[in-house]
Trainee: 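Sharing a structure with you now.
To find a chain, count down the sequence lines: A is the first, B the second, and so on, and within it residues start at 1. Side chains are part of it too, since the values below use all heavy atoms of this structure and drop only hydrogens, waters and symmetry mates. Predicted model, so just to flag it, every value in this text is computed and none were measured.
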Amino acid sequence: MLALQTWIVHALFIFFTTESVGELLDPCGYIKPESPVVQLGSNFTAVCVLKEKCMDYFHVNASYIFWKTNHLTVPKEQYTIINRTASSVTFTDTSLLNTQLTCNIRTFGQIDQNVYGIRIISGLPPEKPKNLSCIVNEGKKMMCQWDPGRETYLETNFTLKSEWATEKFADCKTKRDTPTSCTVDYSPVYFVNIEVWVEAENALGKVTSNHINFDPVDKVKPNPPHNLSVSNSEELSSILKLTWINSSIQGFIRLKYNIQYRTRDSSIWSQIPPEDTASTRSSFTVQDLKPFTEYVFRIRCMKEDGKGFWSDWSEEASGITYEDRPSKAPSFWYKIEPSHTHGYRSVQLIWKTLPPFEANGKILDYEVTLTRWKSRLQNYTVNDTKWTVNITNDRYIATLTARNLVGKSDAAVLTIPAYDFQGNLAESKCYLITVTPIYADGPGSPESIKAYLKQAPPSKGPTVRTKKVGKNEAVLEWDQLPVDVQNGFIRNYTIFYRTIIGNETAVNVDSSHTEYTLSSLTSDTLYMVRMAAYTDEGGKDGPEFTFTTPKFAQGEIEAIVVPVCLAFLLTTLLGVLFCFNKRDLIKKHIWPNVPDPSKSLIAQWSPHTPPRHNFNSKDQMYSDGNFTDVSVVEIEAANDKKPFPEDLKSLDLFKKEKVSTEGHSSGIGGSSCMSSSRPSISSSDENESAQNTSGTVQYSTVVHSGYRHQVPSVQVFSRSESTQPLLDSEERPEDLQLLDNTDSSVGNFPRQQYFKQNCSQRETSPDSSHSERSKQVSSVSEEEFVRLKQQISGISQPYGSGQMKMFQEISVADAFGPRTEGQVERLETVGMEAAVDEGMPKSYLPQTVRRGGYMPQ
Amino acid sequence: MGEGGRIFGDKRPREPESSDWFEREKSVSRRSPHPEFPWEPHLGATACSGPVSMKKCTGIRTILQGVVPLLLVLHWKHGAGSPLPITPVNATCATRHPCHSNLMNQIRNQLAQLNGSANALFILYYTAQGEPFPNNLDKLCGPNVTDFPPFHANGTERTRLVELYRLIAYLGASLGNITRDQKVLNPNALSLHSKLNATADIMRGLLSNVLCRLCNKYHVAHVDVAYGPDTSGKDVFQKKKLGCQLLGKYKQVIAVVAQAF
């Protein structure tokens, strides 16, 4: 019954409550917008519209409206009355994130009544997601993550989108707790490029990240290698071999590895050089490890080309390297205990176990040997680290080695002194006294000192010698005295040195030195030096050493000689240059260019002058270039058996003249012009005669005395009809040569004659007075003709027809050559023919006059 | 995940990521029909001629209601039952984004990946089927597959890629059928299911790459494909046997194909 009453009361309460709430929920107006989302910092305007019913009921209009934000009244300046029913409020630069805005009216002048309320949500649009990256954990799905950018204060959804070039995949929606990463639903497919991007969206906007395109195989994080195991090698105690099983991804991509290791006790990992593990493998041998040491290993892998991610580290695996022989002998010492047995004593040998890094394995036992003075050794094997033995009072040498599975250590050696070891020390002998402290856990570091029972002066003095001797100083050196002769501690040395006449000087030197420099010495002086070594008890001199200081210091001579040589060289060079520049002047004054008459070409008229010699000298002369202004006319003619009529005519004229002038000589001496004889040969030749300035024929005698002790070889007469200076520069070579062979006594044999004409005519130079004129006409005796004949016939004999032919060809060529120059002479032709017929030697061939020289035919 | 429907029927519990890879291929074909050679009905006819599934035919039916009913009637018999020629060269290829430049290398890697896992898949399959399969491989799992697409290793790259596309499409569909059957016949052979799905995924990626390559380099936007026999109506032993034969053939062929590239 009570329960029924209670139920009824509740039901009535709910009924009335519902009724009243229904009344209250009918608002007096409303606010637009209903549920705004406002961007932070922007303006926002809300409008409150009153209902007519309410306005009538409360007798209000829009001007009665006032606004509140979070129960605070908004200033009226922000209100705007739009019309009778509507009023707006504007907020500039909204910064409030979550604001309650209410529209209120004041009724009956005093009662504030809330009309409507909204909640303003403010925030920011999403920023473009950045740093999008993906990872493919092997065997799992791809996961991408990104940087979402600034806080938006709004609910923002991120969607990861992905596609192949040919196909789109389902979107990946982020979960609420991980808004910056998403794991896709599909399994990764390797070797197909996928494009991925993120879309961020909230109430204020949507934005897309940059797209990334990649092959998932380049984003793989492989599973770590598993089943890592370690094994050692009996052959090598410094290696351990690792083996493992790669993850299944190794089936289609290549891997590289990181292998790290440490000793069991250490916490620091060492790493195998990555270049040693840069390719796919399933085992690796680690080297340079310590023997009998436990190592811990771990390994990880990634794609060989470095694209992707390192796997996690594998599970650790450990292994112990194999044993090696102990690397060090145990520390070893002894205790002597007095023994009751006469002649014997009890000695306890004690040693320390080797630390693991020196034992290199498990020590199985120790081997002790005892050797009495000059007797055979005795071996003992001990398992403990101490051993007591009764030995005689003699001196013993004990050794100790530790043994493990692989081998024995080096031996530690200990000398057990004889029982009566006391004194017997000699004077002036050096003793090394060593004291080794013995602590409870073994021996300490020994200390040693040298000592003498009693010192004495050295038995020998040091031997001094020079190391280097300079002009004013000398470096002396010596050897330390051997311990045998020291007889005590050498405290200092004294060096004595003196010249032959001077006083002795002494210098003290510390005993630690073996070298000393004597300075302020006199140059070029003999010094005598000796040295003494001193102990506390006295000194002893060494042998005397003699040395001489040099006169000049090193390099001094060079410093003098080199500049002198250079100066001399420079002077010579300047002299040569001067001479070269003034060579014309010097030549004029010292050896003026005066020709040697004996070598004058006119001298060759003489039959005594060997023709060939003259030719040669002429060659030399011209080749010197000193007589470039001398022209040579060399006419060589031979009688032909059948001379041309013109020739005969001219020869007749010549003969007449020769007959008329024979035996006369006009000593024209200073008249030094040598002219051609041609006008006298063919006076009828108008062209030739027109060139001659002198129509007279002169005879002259060539000067006897040569120039500067040069004696002309022959004295000859020459006929000259030229007024040209003898050595003047030649401009117009008068180039006729005449051969006179009309002597009937000779008969048909060609009478050899030739003359040369050197005529210098320096037309441009007014200084032609210096020139000489000479003409030589050989007055050839019959005997000379005979001799010439014999010579020619003798020479011509060996020549055969070939030679003849050659000469013919030459003559033909020569006949055309000069003709073109207008200098063809008929006599040349005659001469040529003679040469052809008689086989004349080359030197007798007629010469054609050329400017500046001649050309042998 | 794709926009198309499932290939092998709604009842088949397939993973969403591997359910519609074949449908995508069809959509590629649909994307660029040549105006003069509207091969879409042909593809539909080809696809429906094989006993793959009714779902696919339902999808095609929507096309049949399109603008080409007359052409469909004209070409129906002509194209039925045999792979159709390739779309003309100047057909437009459209991809969602530009294809990667390293496609051939990726194709080679995918083939190596398939080749590397084919034998394990075969062993896993016949082991999971139980007797008499493991001891009668020659009789039951011999590579006697009818209508298997040809592959000529000595052809041009274009020909090889087209044949590869047909081959992988055929194998992918067949693997789908095998996966569906095995999930019913051997629901506990999870590693086999996983391996089958992984292989199908690789094939899906391979088809994408091959299509990209054909589009990019040879402007081939459409390759007609044919599929193997449907096993849905067959008895359990026949399903197992056909699957074993197919995987044996696949193991054999993929080695040749991997070598050819």
Trainee: CZ of A/Arg150: more than 12 outside heavy atoms within 6.0 angstrom?
Mentor: yes
Trainee: Quick check: under 4.5 Å, non-hydrogen atoms only, which of residues 253-261 of chain B neighbour chain A?
Mentor: none
Trainee: Count the heavy-atom pairs under 4.5 Å between each of B/Asn105, B/Asn209, B/Ile202 and chain A, then report the option with the highest count.
Mentor: B/Asn209
Trainee: Tell me, for A/Val192 versus chain B, whether the close heavy atoms (under 4.5 Å) come from the side chain, the backbone, both or neither.
Mentor: both
Trainee: Taking all non-hydrogen atoms of both residues into account, name the closest pair between A/Val189 and B/Gly205 and its distance.
Mentor: CG1-CA, 3.9 Å
Trainee: Would you compute the distance between atom NE2 of B/His97 and atom CG of A/Asn193 and round it to the nearest 0.5 angstrom?
Mentor: 7.0 Å
Trainee: Is it true that B/Arg204 and A/Glu167 have a side-chain N and a carboxylate O under 4.0 angstrom from each other?
Mentor: yes
Trainee: May I ask you to check whether over 12 heavy atoms, not counting those of A/Asp288, lie within 6.0 Å of atom CG?
Mentor: no
Trainee: May I ask you to list the residues in residues 197-220 of chain A that approach chain B closer than 4.5 angstrom, counting heavy atoms only, ordered by number?
Mentor: A/Asn213, A/Asp215
Trainee: Ignoring hydrogens, what is the shortest heavy-atom contact between A/Ala165 and B/Thr95? Give both atom names and the distance.
Mentor: O-CB, 3.2 Å
Trainee: How would you list, in number order, the residues of residues 107-122 of chain B that have a heavy atom less than 4.5 Å from chain A?
Mentor: B/Asn109, B/Gln110, B/Gln113
Trainee: Which residues satisfy the disulfide bond (SG atoms under 2.5 Å apart) test with A/Cys301, sequence neighbours excluded?
Mentor: none
Trainee: Looking at A/Glu316, I want to see if its CD is surrounded by more than 12 non-hydrogen atoms of other residues, nucleotides or ligands under 6.0 Å.
Mentor: yes
